[in-house]
Amino acid sequence: MRLATSPINWNNEDVPEYRPWVPYPQILDEIRVAGYRATEWSRSLAEDPDTLRRDLEARDLEVVGAFVALELKDPYRWEEAWEKALRLARFLQGVGASYLVAADPGDEGRRRLAGAVPRGQEIPPEALRHLARGLEELGRRLGDLGLALVFHPHAGTYVETEGEVYGLLENTAPEWVGLCLDTGHLVYGGTDPVELLRRHGNRVGYVHLKDVDPAVLRETRGKGFREALRRYIFCPLGEGVARVSEVVALLRGLGYAGPVVVEQDTTPEDPTAVARRNRAYVEKLLQQHGGP
């Protein structure tokens with residue numbers, strides 16, 4: 001496994017007001033102080049590939065991938081979404097990254113229902129089929145650039161609930177669409193990440209490792225995902241209900257060798273110190289389950 005982190009630990013674009021924004025390139029320094037040698041790309045980092053490569057190399061860092069929200073439920077918007085994704089993919093290719101992490105963008109209605117989506121308001125079957133076909137075609141196009149596509153179930157979107165997560169996997173071809181296993185978003189949306197790994201571990205191509213505070217989960221379900229972030233829904237690894245230790249053990253047993261991006265999207269503490277402690281926790285788990 002390749003441990004990485006993400007700028008979201010310092011700068012969360014969903015709730016930018018919650019703490020002071022860490023500027024570039026200071027954020028790269030914070031990532032290194034926290035003990036990481038790999039990160040995701042976000043708009044917190046340089047958008048010029050030459051600048052970014054230079055600053056990464058100076059700190060012995062690499063970029064593993066980047067997140068993008070794409071509207072693929074509507075086939076009339078496929079071309080627009082594919083071009084948006086491919087622009088980012090070409091940038092990622094230029095800085096040595098290997099993964100594009102895609103999610104549905106959701107909407108305000110879904111964001112208000114995050115964590116408490118009624119069965120009757122899940123993604124319609126036709127929209128799910130369109131999303132699946134749009135992702136498969138994107139996966140083919142990314143393959144031509146040497147990048148892999150992984151899909152990220154995300155709170156406040158139309159792939160959040162257990163039924164939506166399993167439905168997406170069952171309707172997409174593994175050779176073109178992998179899974180970004182985000183333990184925090186899965187738990188928030190009602191999916192057990194351990195059971196998902198047992199059933200579809202072969203689909204996992206990328207991991208976001210988070211933990212979930214059960215008290216905040218109870219208090220914020222159905223009150224909007226931004227409110228959950230403001231209330232620190234994601235807690236230090238090992239202190240919540242996302243079964244992080246079991247997830248790491250299962251990934252090890254499956255022979256998973258891809259990125260494990262250690263995240264805690266918001267925290268009341270110093271984010272660099274929290275990122276460091278979370279990294280140490282994962283490293284300890286990996287030692288317990290068979291080495292680095």
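The closest side-chain donor-acceptor pair between Glu263 and Asn9, if any, does not fall under 3.5 angstrom. No hydrogens or angles considered: a donor-acceptor pair under 3.5 Å links the side chains of Asp107 and Tyr158. With no hydrogens or angles considered, a side-chain donor-acceptor pair links Thr161 and Glu122 at under 3.5 Å. No side-chain donor-acceptor contact under 3.5 Å links Thr266 and Arg231. A side-chain donor-acceptor contact under 3.5 Å links Thr272 and Trp10. A side-chain donor-acceptor contact under 3.5 Å links Tyr206 and Glu40.
The pair Glu71-Lys73 meets the salt-bridge criterion, since a charged nitrogen lies less than 4.0 angstrom from a carboxylate oxygen. One finds a salt bridge joining Glu269 and Arg277 here, because a Lys/Arg side-chain nitrogen approaches an Asp/Glu carboxylate oxygen to under 4.0 Å. Checked for salt-bridge contact, Arg37 and Glu57 miss the test: no charged N lies under 4.0 Å from a carboxylate O. The existence of a salt bridge linking Glu17 and Arg226 is excluded, since no basic side-chain nitrogen approaches an acidic carboxylate oxygen closer than 4.0 Å. A salt bridge links Asp192 to Arg243: one of the charged nitrogens lies within less than 4.0 Å of a carboxylate oxygen. Look at Glu126 and Arg129 and you find no salt bridge, because none of the NZ, NE, NH1 or NH2 atoms lies under 4.0 Å from a carboxylate O. Salt bridge present: Arg141 and Glu137 bring a charged side-chain N and a carboxylate O closer than 4.0 Å. A salt bridge is absent between Arg119 and Glu164; no separation between the charged side-chain nitrogens and carboxylate oxygens falls under 4.0 Å.
Remark: side-chain polar atoms of Asp211 are not paired, donor with acceptor, to backbone N or O of Cys235 under 3.5 angstrom.
Taking CE of Met1 as the start and CD of Glu283 as the end, the distance is 12.5 Å to the nearest 0.5 Å. Separating the CD atom in Glu239 from the CG atom in Asp213 is a distance of 9.0 Å, to the nearest 0.5 Å.
Summarising the hydrophobic clusters (Ile, Leu, Val, Met, Phe, Trp, Tyr; side-chain heavy atoms under 4.5 Å, direct or chained), the residues clustered with Trp21 are none.
Using a 4.5 Å heavy-atom threshold, the side chains of Val68 and Lys84 count as touching.
Among residue pairs with one or both ends in residues 178-190, those qualifying as side-chain hydrogen bond (donor to acceptor under 3.5 Å, both in side chains) are His152-Asp182, Asp182-His208, Asp182-Lys210; sequence neighbours excluded.
Aromatic pair Phe91/Trp41: ring centres closer than 6.0 Å.
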